[in-house]
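Proteins come first, then strands; the chains are lettered A, B, ... in the order of their sequence lines, and each starts at number 1.
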Amino acid sequence: MDISSLLAPLNQAQRKAVAAPLGHHLVLAGAGSGKTRVLTHRIAWLIQSQGISPSNLLAVTFTNKGAGEMKERIENLLATPINAMWVGTFHGLTHRLLRIHWQEAQLPQAFQVLDSEDQYRLIRQVLQNLNLDEDRWSPRKIQWFINSHKDKGLRPQHIEDGDNANTWQMIRIYHNYQDYCNRNGLVDFAELLLRAYELWRNHAPLLSHYQNRFTHILIDEFQDTNAIQYAWLQLLAGDKGALFIVGDDDQAIYGWRGARVENIQQLTQDFPTIGITRLEQNYRSTQIILAAANAVIAHNAERLGKNLWTQDQGGELIQIYRAFDERDEARFIVERSLAWQAQGRARADIAVLYRSNAQSRVLEEMLLQARIPYRIHGGLRFFERAEIKDTFAYLRLMIHRDNDPAFARIVNTPPRGIGDRTLAQIREKAQQAQISLWQATTQLIITRYLPQRAMHALYEFQQLIENITIAIEEFSLPQKIELTLNRSGLLSHYQKDSSERGQSRLENLKELMNAAAQFKPEEPHLNLLSAFLAHTTLESDDNTSSEGWEDCVQLMTLHAAKGLEFPLVFITGMEEGLFPSPKSLDEPTGLEEERRLCYVGMTRARNHLYLIHADQRRLYGSNSCPKPSRFIREIPAKLICELRPQTYTPINSPITHKPEWNLVANNTDFQFGQRVRHHKFGEGTILDLEGEGDAIKIQVNFNQIGPKWLSLTYAKLQII
DNA sequence: CTCCTAAATATTTTT
DNA sequence: TATTTAGGAG
């Protein structure tokens, strides 16, 4: 393949970015403007046309999934594998570094990565050790305190308590937590980044080695980077490294977890030679949808400025539905989804977006009732499920006896008579002798310091672990897991639970063995089992069982929708007090972030966009009568079509499950996909419209007799 | 250890 | 409202 065919499918701006001179370059890429394409083509261009070796490239993506996809696309473009290139998330890449340079990073070779739940448990443990009350010192707050400081590159000794007793105590807890992690070779997510940063900062030869290696650094979703990631990047880039950065300040929606949009502006100051390209032509949405999204985001003051446009003209108006309550909102979505299906369109084309997960329940209920298959994105991830983590805890303990979190998790799972009292004694011993829980247990058994029963149970437990360790040695990865499940009694423990939950647990364990069978390591530095364990904490893989999801309506939060697109999008709960969320209104930047979230949601839609708000909503048990979201009012009236409910309850039918609503619009036409009733043919769905004025004809697919053309002037059609 | 009741608590989430 | 969790009784 030659260069011209690499650049040929691109528009002018995209081409400018892809073939930009070999220096720093910043691409401000609006939604749907083909940013992934630019990034992959840039990499292909560097390799192919500039003769740069893949081993000189480092590419950073926001998610692991994104990393996999990017690699695949580049390999397709070049028709050759590019294994020498490093592609991954910040966490994935720093983890890789730390595995290679564990000695310089002052970590044990077998260091373990803690996920958020592990971290949370550990913090609670530390609080207990310090004799602090959980009600006074909320573990969640502490977790946030620790992570947000690590995200800024701050160790406990760098934080000023400002003569505040509260802060002083928090710092003390952070300190204790960190000491514990260091003693036990535990590394949380934020620590991966901070450690890797310090590794380079403190080891000049190492840094210059990587500076020489990675001469071209490419980063996606830059608006979501935090301070430590930026600092890490600055180190790596040094004086010579060329940065190619892609981002969109209007899609920065992770400020609440430390992401800094300002990093984009910072970049232009720190790297003054940086070239800038704006990608503003959108290939996704209709002109109407873009105009509406542009109008909303224009209300933000803090912007670099960008205006999306499309070659297409017109499109369907943004439909606003004012529902009676959250059930009516869901009912409306069901109705429209059925109509969509009746047109022969795929359910997977439909996305239902909401601000908070709690809103999904009513939607699920109604979809279930209407027998519409749906899929919820997000929620509990596969590798975070309790049964999976229990299994891993056994494996971890077998690899490394001193793994305290693993020990604590499974000493009594399944129950084997080792209660809280016994565990507390083990903990006390461990703390006082500065040894691991496992060692403390051994000590307690030797000194016969415990009641007979507990001692016996503990002895049995240790024997169990020793025995399984030996037993599984020679087996393959999935067999190891299976044996562990059997011998530990975990499997029969879960089998005893015949509830629906127990069933799904067993299925998950089966799925786990599948995943293990398919696992191929990319880390040569670890044995297979350790590599698999590290992989699973770093990759949340929500597509583990993606095959089962044929054609489903897609339900997800607005955050989870970033990067996706759908022909038909519903944004629900467009109400003050829900979206924008009241908690965001405390700080001025909060509202702007909510508005960006709205912008992200709207720009997910290709052709049809529905914004729904309810007059009344029950959330967390209490009722409220919210006002429509300000974001709706920020859309120019001419882009909107309002669908309003009319007469609520007819006098002669006291119970109406389906409130009737009607189309009241400047636009008196019927719409595609709408349900109508004919006095003779019954109910049906509008498939097509033809002609103008009096000659207008309409095709309706009736439930009983199938599709039929009718003249609108004669057929008295009633919208239902 | 298991079962029960009472209490707390619920924005967004990838790594 | 509903779901998870902590604590107490049996």
Of the options [options], whose atoms approach the side-chain atoms of [X] most closely?
| X | options | value |
| --- | --- | --- |
| A:Arg257 | B:dC1, B:dT13, B:dT15 | B:dT13 |
| A:Asn64 | B:dT15, B:dC1, B:dT11 | B:dT15 |
| A:Arg361 | B:dT15, C:dT1, C:dT3 | C:dT3 |

Starting from [atom2] on [N], measure out to [atom1] on [X] and report it in whole angstrom.
| X | N | atom1 | atom2 | value |
| --- | --- | --- | --- | --- |
| A:Asn623 | C:dT1 | CG | C1' | 11 Å |
| A:Arg421 | C:dG8 | CZ | P | 15 Å |
| A:Asn147 | B:dT12 | CG | P | 18 Å |

- Query: Do A:Tyr120 and A:Arg140 have side chains that get closer than 4.5 Å, going by heavy atoms?
  - Reply: yes

- Could you tell me which nucleotide pairs with C:dT5 by Watson-Crick or G-U wobble geometry, both distances under 3.5 Å, or answer none if nothing does? B:dA6

- Nucleotide forming a Watson-Crick or wobble pair with B:dT13, both distances under 3.5 Å: none

For [X], report the nucleic acid contact type (base, sugar-phosphate, nothing); a contact means any heavy atom under 4.0 Å.
| X | answer |
| --- | --- |
| A:Glu221 | nothing |
| A:Arg416 | sugar-phosphate |
| A:Asn412 | sugar-phosphate |

- Between A:His493 and A:Arg355, which has a closest nucleotide on DNA chain B that is more 5'? A:His493

- Please tell me which of A:Pro414 and A:His559 maps to the more 5' nucleotide of DNA chain B, matching each residue to the nucleotide holding its nearest heavy atom. A:Pro414

Phosphate oxygens OP1/OP2 of [N]: is one of them under 4.0 Å from a side-chain N or O of [X]?
| X | N | result |
| --- | --- | --- |
| A:Arg124 | C:dA6 | yes |
| A:Asn357 | B:dT13 | yes |
| A:Thr557 | B:dT13 | yes |

- Between the main-chain N or O of A:Gln109 and the side-chain N or O of A:Arg99, is there a donor-acceptor pair closer than 3.5 Å? yes

Does the side chain of [X] come under 3.5 Å of the side chain of [Y] through a donor N or O and an acceptor N or O?
| X | Y | value |
| --- | --- | --- |
| A:Thr413 | A:Asp390 | no |
| A:Asp404 | A:Tyr180 | yes |
| A:Gln359 | A:Glu326 | no |

- Query: Does the C:dT1 base have a donor-acceptor partner in the side chain of A:Ser622 within less than 3.5 Å?
  - Reply: no

- Within the modelled atom types, does a donor on one side and an acceptor on the other bring the side chain of A:Arg618 and the base of C:dT1 under 3.5 Å apart? no

- May I ask whether A:Trp256 stacks on the base of B:dT12, given the cut-offs of 5.5 Å between ring centres and 30° between planes? yes

- What integer number of Å spans the P atoms of C:dT5 and B:dT12? 16 Å

